[in-house]
Enquirer: 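Input: one structure, supplied below.
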There are 2 protein chains.
Amino acid sequence: MYVPTDQPGHLAPGQFERIAKALSDPRRFAVLEKIAAAECECPYQSLCAHFPVSKATISHHLKELVQAGLVDSERDGQFVNARVRPGVVEAYAAELIRRATGGE
Amino acid sequence: MYVPTDQPGHLAPGQFERIAKALSDPRRFAVLEKIAAAECECPYQSLCAHFPVSKATISHHLKELVQAGLVDSERDGQFVNARVRPGVVEAYAAELIRRATGGE
DNA sequence: TTAGTAGTTCGACAGTTGTATAATCATCTG
DNA sequence: CAGATGATTATACAACTGTCGAACTACTAA
């Protein structure tokens, strides 16, 4: 699975569109927010416990977030932990302002 | 048509989700970018001329951008001009960083 | 008022997407 | 190994959405 690198301040080609898509679904954004709210790591199971959707749906959303580069997902034995990549969020926000305000 | 107010740094309830949706379609974002690239005002006609889609589609995208509060649309006789609201873009970016990075 | 241009709204359709269930893979433990 | 638990993938489907052509509204000019 392709995951863009975390070069600070720079997004890979096509990543900007991918992030915008990933952020557009309210539930998926809520998942991202929940991951961000966790200190350091967020277990997959706590996500499943927190949202009234199936495990498969959480897994799907997590995959989208990872593919967009917004989240890092790491296996720890049986378990999976997720972590936000703040640099990517900030790079997206910066590029959004630059492109959507005419670069003022 | 409801259009959120432009209180600097603050988004109306539900506006965050609406903006995320509005930004998620590549074509619609390209329209926003084109409006932003124009100096001061962007005529509706130049949007129609610039994108290989029908007038109806441009009108639809413009409506979504206006409803999200990202763009201001103003009639000038027969014509319509669009203008980006930079404060809204910046407020969205700021709230995105705050909510998606745990408020670090 | 009539004709013409600019822009919006309507109705429909194809493609996308969030969701669930079931099957599968991965990992741990006895 | 077998069994159990955690997570992903496969398949299917209902809902949503970007798009268009056509009908309609808004404005201008003759």
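Predicted, not measured: the structure shown is a model, and the values here were computed from it. Letters A, B, ... mirror the listed sequences (proteins, then strands); counts begin at 1.
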Enquirer: Can you list the steps and then say if Asp76(B) with Tyr44(B) is a side-chain contact (heavy atoms from CB on, under 4.5 Å)?
Expert: CA-CA 11 Å; Asp76(B) 177 21; Tyr44(B) 173 83; over 6 Å; no
Enquirer: Enumerate the ring pair (Phe, Tyr, Trp, His ring centres under 6.0 Å) contacts for residues 59-99 of chain A, please, sequence neighbours excluded, ordered by first and then second residue.
Expert: Phe16(A)-Tyr92(A)
Enquirer: Tell me: CG of Leu62(B) to P of dT19(D), nearest whole Å?
Expert: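 Those two atoms, CG and P, are 14 Å apart.
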Enquirer: Can you measure Glu74(B) atom CD to dT8(C) atom C1' for me and round it to whole angstrom units?
Expert: 18 Å
Enquirer: For Glu41(A), which residues count as a side-chain contact (heavy atoms from CB on, under 4.5 Å) partner, sequence neighbours excluded?
Expert: Glu74(A), Asn81(A), Arg83(A)
Enquirer: Do any N or O atoms of the protein come closer than 3.5 Å to N or O atoms of nucleotides 23-30 of chain C, and which pairs are they?
Expert:
none

Enquirer: How would you list, by chain and number, every residue that makes a side-chain hydrogen bond (donor to acceptor under 3.5 Å, both in side chains) with Ser46(B), sequence neighbours excluded?
Expert: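 For Ser46(B), no residue satisfies side-chain hydrogen bond (donor to acceptor under 3.5 Å, both in side chains) once neighbours in sequence are set aside.
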Enquirer: Does anything in residues 25-51 of chain A reach DNA chain D, meaning a heavy atom under 4.0 Å, and if so which residues?
Expert: Tyr44(A), Gln45(A)
Enquirer: For Glu33(A), check side-chain hydrogen bond (donor to acceptor under 3.5 Å, both in side chains) against everything at least two apart and list the hits.
Expert: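 If we apply the side-chain hydrogen bond (donor to acceptor under 3.5 Å, both in side chains) test to Glu33(A), skipping adjacent residues, the hits are Arg99(B).
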Enquirer: Looking at Thr57(B), does any N or O in its side chain come under 4.0 Å of the phosphate oxygens OP1/OP2 on dC20(D)?
Expert: yes
Enquirer: Compare the minimum distances between each of dC20(D), dT9(D), dG18(C) and the side chain of His60(A), then state the nucleotide with the smallest one.
Expert: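 Closest nucleotide among those given: dG18(C).
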Enquirer: Between His61(A) (NE2) and dG18(C) (C1'), how many Å, whole number?
Expert: 6 Å
Enquirer: Just jot down the side-chain contact (heavy atoms from CB on, under 4.5 Å) partners of Ala36(B), sequence neighbours excluded, or say none.
Expert: Val84(B)
Enquirer: Give a yes/no on whether any side-chain N or O of Lys21(B) is located under 4.0 angstrom from OP1 or OP2 of dT17(D).
Expert: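 Answer is yes, contact under 4.0 Å.
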Enquirer: Measure the distance from CD on Glu64(B) to P on dT8(C) and round it to the nearest whole Å.
Expert: 13 Å
Enquirer: Please report the distance, rounded to the nearest Å, between CD1 in Ile58(B) and C1' in dG18(D).
Expert: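 In whole Å, dG18(D) C1' and Ile58(B) CD1 are 12 Å from each other.
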Enquirer: Going by side-chain contact (heavy atoms from CB on, under 4.5 Å), name the residues that satisfy it together with Gln78(A), two or more places apart in sequence or in a different chain.
Expert: none
Enquirer: Can you list everything that forms a salt bridge (Lys or Arg N to Asp or Glu O under 4.0 Å) with Glu17(A)? Sequence neighbours excluded, please.
Expert: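 By the salt bridge (Lys or Arg N to Asp or Glu O under 4.0 Å) rule, Glu17(A) matches no residue at all.
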